[in-house]
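The structure appears right after this line, and notes come after that.
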Amino acid sequence: MGITYYEKDRLFKLDTPASTYMCAVTDEENFLGHVYYGPRLTDHDAAYLMRTGEPPFVPSKSNRERLAFYDTFPMEMPTHGIGDFRDDALAVRSVSGHSAVKLGVVSHEIYKGKKSLKGLPATFGKEDEVTTLDITMKDEALNMTVVLSYSAFEKVDAITRSVRIINNSSDDIVLTRVMSACLDMDNENFDLLTLHGSWARERHINRRPLTRGFQGLSSIRGECGHQDHPFMAIMEKGADEDRGQVYGMSFVYSGNFLASCYVNQFESVRAMMGINPEDFNWLLKPGEEFTAPEVIMVFSSEGLGRMSRTYHDLIRNNLIRSPYKDRKRPILINNWEATYFDFDTDKLVGIADQASKLGIEMLVMDDGWFGHRDFDDSSLGDWYVYEDKIKGGLKYLVDEVNKRGMKFGIWFEPEMISPDSDLYRAHPDWAIQIPGRTPGQARAQYVLDLTRPEVVDHVYGQVKAILESANIEYVKWDMNRPLSDMGSSALPPERMGEMFHRYMLGVYELQERLITDFPNLLLENCSGGGGRFDAGMLYYSPQIWCSDDTDAVERLLIQEGTALVYPLSSMGAHVSDCPNHALGRVTPFRTRGYVALAGTFGYELDVTRIPEEDRNMIPGQVKMYHAYNDLVRMGDYYRVSSYSQNNEYDCYMVVSKDKSEALVTFVQVLNRVNFHSRKIRLKGLDPEKKYFVTFVDEDEETSAKNGGERTYSGEILMKAGLLIPRPWGDFHGMLISLKAQ
Ligand code: GLA
């Protein structure tokens with residue numbers, strides 16, 4: 001059992017294989033205090049860490065200084081307005097207009113397994129995988145109950161937390177702030193690591209020292225967005241890829257979020273994560289309850305690398321539900337960068353013709369097949385086939401593609417409505433807008449009001465009809481603008497502050513219905529590239545398009561930041577044509593292939609028009625995908641060296657769980673003159689094993705220079721290193737395969 005209650009100390013101890021989390025209840029006011037989070041402990045006698053006996057903050061001895069106690073006590077669920085002047089996790093507006101909340105523990109329950117969260121994505125686990133602790137707290141004055149749910153996983157070092165609030169009173173209560181997780185710790189000279197970016201450069205890693213006052217990141221875009229990501233890691237100053245203590249917090253939610261750290265007067269840090277309180281007000285009628293999404297906390301005492309591998313295991317096994325999670329995904333070719341809006345049946349069949357001969361397994365028809373869409377300024381909402389382009393109809397096209405031995409996939413952007421659409425002409429009020437204001441367009445489109453059940457039903461009906469009209473086995477679900485002008489003609493004024501969250505619940509419901517009705521559908525989420533790549537969406541789709549930037553070098557940074565939290569099996573990555581459409585760079589086709597192999601793998605180009613030399617490489621890449629995808633999808637990922645830090649090259653590897661096999665990807669971004677070969681120390685191997693090392697797909701000359709294939713011990717490769725020759729020129733990649741003898 002991963003969770004124990006020690007009655008005498010009123011202390012809860014949550015254990016994972018290598019971490020322990022403890023919290024305890026105080027004598028006086030039954031506050032739930034944070035005791036410890038760190039390396040696994042056998043003993044539990046640590047409640048003294050809450051410092052309840054330390055003057056001048058002793059509540060029992062000094063009623064005079066009660067606020068001083070509240071303002072320093074490490075709270076598990078800090079509340080507003082009672083004298084804890086740090087930022088809080090829970091605030092309300094009561095019927096009498098007050099905002100304070102004070103919570104005392106009243107009971108708890110420990111059980112095997114984990115309950116799902118109604119309407120929300122969440123991790124799951126069987127009874128032998130996870131144990132859950134529900135701590136029930138009560139605000140007596142408000143007659144409001146708060147249940148904190150902690151789940152400790154038995155095989156991975158992850159602890160999740162979510163919050164449920166119930167209004168037991170006979171009055172309305174408005175929730176104005178509900179943070180899902182809070183970590184109150186002494187600031188041991190921590191750094192804060194977060195992920196930031198923009199369109200086409202998502203999730204770049206940013207690390208800086210934690211300093212006094214507030215710091216953090218948030219989104220108010222209605223999606224997590226390209227700019228700031230719902231994840232943060234608090235790390236010991238010296239912690240690196242392989243060493244040092246790291247606390248990760250990842251939000252299983254796709255809408256507005258706040259991830260914050262506040263370092264206070266006593267140098268303690270309060271780290272919190274939850275729904276962004278800005279534009280959030282949730283009316284709880286008597287008897288109603290509200291569930292806040294969960295946060296996944298991961299502790300690693302072996303640096304960021306271990307943290308990433310823990311997230312990968314948890315997300316692969318206990319968050320992604322799709323049957324595809326354990327399967328090789330079909331190698332797809334998507335026509336977006338190949339044709340943009342300029343395509344028809346013949347062109348697509350022409351691409352399928354070529355692609356199928358090269359070993360590509362699925363054709364995905366991207367944006368432009370519906371309504372009268374020839375550009376990005378019309379038809380969103382009109383999900384019926386544009387017969388002028390798709391001559392012969394959708395079924396004919398799909399059958400033609402199927403005849404060539406390929407699967408067929410299709411693009412939708414179901415959450416949107418174009419002002420130039422039949423749907424908008426029929427239901428202008430279905431667009432999110434504020435009466436009396438003209439809503440702002442982005443990419444010439446508005447967002448549908450998914451807080452309205454009839455809108456959700458209508459959109460779903462259209463998507464379903466298309467999927468039933470032909471043999472469609474994959475959907476790319478796109479979302480190409482943030483939410484603004486938040487107003488719903490169906491919500492009463494007192495519920496308008498619920499709109500952002502209700503919108504997300506609408507999206508989740510749509511996707512839940514989709515995967516329930518089409519259980520074998522491969523769903524890939526997308527949002528202008530990787531604007532909604534988050535743990536929440538992975539509950540519905542096993543993969544997400546990582547970025548609209550398909551340049552191999554830019555992708556190194558994007559994929560590195562993404563893989564900090566998310567498994568390689570979830571990263572949509574394709575080989576595209578050059579000069580790259582996002583930034584004009586020319587990289588070798590081979591390197592583009594190596595970099596895309598770290599994700600789901602596919603193509604985003606017109607295979608009938610690329611240089612023959614490149615086309616001829618595709619069968620080899622397909623072969624490599626089939627040879628290595630099981631390893632990439634299921635193995636342990638190690639970052640060896642990052643181009644973001646050394647400015648010369650990038651190197652990462654994947655090692656199979658049994659350490660019998662590994663694949664190293666090396667990309668020399670910028671060559672330097674007159675240096676000898678690079679010595680790279682590999683990671684994650686078995687020191688006892690001998691590995692046969694092959695430079696895969698390298699030309700013979702390079703292979704020979706490096707001594708060709710040979711055997712090394714895992715110990716030598718990790719402690720002494722492997723010599724990697726310097727390829728001639730920039731942007732050259734290498735793939736190195738290791739097989740235990
Ligand atoms: C977004 C996606 C692209 C493509 C276009 C189509 O930008 O990220 O991959 O589907 O939309 O409009």
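Both ligands and their constituent atoms are indexed starting at 1 by order of listing. Below, all heavy atoms of this structure are taken into account, side chains as well, without hydrogens, waters or symmetry copies. Computed from a predicted structure; not experimentally measured.
With Ile320 as reference, Leu538 is the one residue of Asp326, Leu314, Leu538 to meet the side-chain contact (heavy atoms from CB on, under 4.5 Å) rule.
A cation-pi contact, defined as under 6.0 Å to the ring centre and within 45° of the axis, is absent between Arg309 and Tyr637. The cationic atom of Arg373 (NZ for Lys, CZ for Arg) does not lie both less than 6.0 Å from the six-membered ring centre of Phe370 and within 45° of the ring axis.
Ring geometry for Trp336 versus Phe341: interplanar angle over 60°, hence perpendicular rather than tilted (30 to 60°).
Scanning for side-chain hydrogen bond (donor to acceptor under 3.5 Å, both in side chains) contacts around Asp377 gives an empty result, with sequence neighbours left out.
Taking the charged nitrogens against the carboxylate oxygens, Lys395 and Glu468 have no contact shorter than 4.0 Å, which rules out a salt bridge.
The protein residues lying under 4.0 angstrom from ligand 1, judged by non-hydrogen atoms, are Trp336, Asp366, Asp367, Trp411, Arg443, Lys476, Asp478, Asn480, Cys526, Gly528, Gly529, Trp545, Asp548.
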